[in-house]
Student: 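I am attaching a structure below and will ask some questions about it afterwards.
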Amino acid sequence: METTLEISVGQIVKSKAGRDKDRPFVVIGIVDQQYVLVADGDLRKVDKPKKKKVRHLAKYNIVSEDIKQKINNNDKVSNLLLRRELEKLGLS
C-alpha cells in the first residue's frame, strides 16, 4: 500500500499530539487507513518506528524521493539519511 488519505511513504510530517508534539518525522510505512509508521532517525530510529494515527500528524507537502525510492525497493533506510533529510529541510 502506497498511500492512506493523501499521506505517502517518504512524506515529511509533524506530530500534532503526544509527547513528541511539534517534532518532524518521515513516514516510513503505512499500517492501514488510520495508522502510519514514522521515524526521525534520532528519537525514533528506523528499526523501531512510532505507530501514529494519521489525524495526529500535520502533513508538509514534501516527499523525500530518496527515502521513498529506498523503501519501495526494500533497501535499508538509515537513521543518518532521515536526519539528513530533515536537516536539509531545516526542520530538525
Student: Return the CG to CG distance between Leu82 and Asp66, rounded to the nearest 0.5 Å.
Tutor: 11.0 Å

Student: Is any side-chain heavy atom of Arg44 closer than 4.5 Å to one of Val38?
Tutor: no

Student: Nearest 0.5 Å please: distance from the CZ atom of Arg84 over to the OG atom of Ser78.
Tutor: 8.0 Å

Student: Look up atom CG in Asp42 and atom CG in Leu80, then write down how far apart they are to the nearest 0.5 Å.
Tutor: 11.5 Å

Student: Within the side chain of Ser8, is there an N or O that forms a donor-acceptor pair under 3.5 Å with the backbone of Gln11?
Tutor: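 No.
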
Student: Side-chain heavy atoms under 4.5 angstrom apart, residues restricted to Ile, Leu, Val, Met, Phe, Trp, Tyr: same cluster for Val13 and Ile62?
Tutor: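 Yes, because Val13 and Ile62 connect within a single hydrophobic cluster, where side-chain heavy atoms sit under 4.5 Å apart.
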
Student: Any non-hydrogen side-chain atom of Tyr60 less than 4.5 Å from a side-chain atom of Leu89?
Tutor: no

Student: Is it possible for you to say whether Ile28 and Val63 belong to one hydrophobic cluster, with membership spreading through side-chain heavy-atom contacts below 4.5 Å?
Tutor: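 No, because Ile28 and Val63 fall into different hydrophobic clusters, even though each may have its own neighbours under 4.5 Å.
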
Student: For a salt bridge (Lys or Arg N to Asp or Glu O under 4.0 Å) check, start with the C-alpha distance between Lys88 and Glu85, then their side-chain angles and the critical distance, and finish with the verdict.
Tutor: CA-CA 5 Å; Lys88 202 164 67 178; Glu85 281 297 312; 3.0 Å; yes

Student: When rounded to the nearest 0.5 angstrom, what is the spacing between CD in Gln69 and OG in Ser64?
Tutor: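 Separation between the atoms: 9.0 Å.
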
Student: To check you understand the geometry: which heavy-atom pair defines the closest contact between Ser15 and Leu57, and what is its length?
Tutor: CA-CD2, 4.0 Å

Student: Only one of Lys52, Lys50, Lys51 forms a side-chain contact (heavy atoms from CB on, under 4.5 Å) with Leu37, so which one is it?
Tutor: Lys51

Student: Which is it for Phe25 and Lys14 under the side chain to side chain contact (heavy atoms under 4.5 Å, CB included) test, yes or no, and what are the steps along the way?
Tutor: CA-CA 6 Å; Phe25 290 103; Lys14 187 170 83 173; over 6 Å; no

Student: For residues Gln34 and Val54, determine if any side-chain heavy atom of one lies less than 4.5 Å from a side-chain heavy atom of the other.
Tutor: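 The answer is no, as the side chains (C-beta and beyond) never meet within the 4.5 Å cut-off.
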
Student: Among Val27, Val26, Ile67, Asn61, which residue meets the side-chain contact (heavy atoms from CB on, under 4.5 Å) test with Ile12?
Tutor: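 So the option named by the test is Val26.
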
Student: Within the supplied structure, the quantity of interest is the number of heavy atoms (other residues, nucleotides, ligands) at a distance under 6.0 Å from Asn73 CG; does it exceed 12?
Tutor: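 Yes - once you tally the heavy atoms of other residues, nucleotides and ligands closer than 6.0 Å, there are more than 12.
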
Student: Out of the candidates Arg23, Lys48, Arg83, only one should pair with Asp40 under the salt bridge (charged side-chain N to carboxylate O under 4.0 Å, His left out) rule; please name it.
Tutor: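 Result: among Arg23, Lys48, Arg83, Arg23 is the only option passing the salt bridge (charged side-chain N to carboxylate O under 4.0 Å, His left out) with Asp40.
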
Student: Looking at every heavy atom in both Ile30 and Val36, which two are closest together, and how far apart are they?
Tutor: CD1-CG1, 3.9 Å

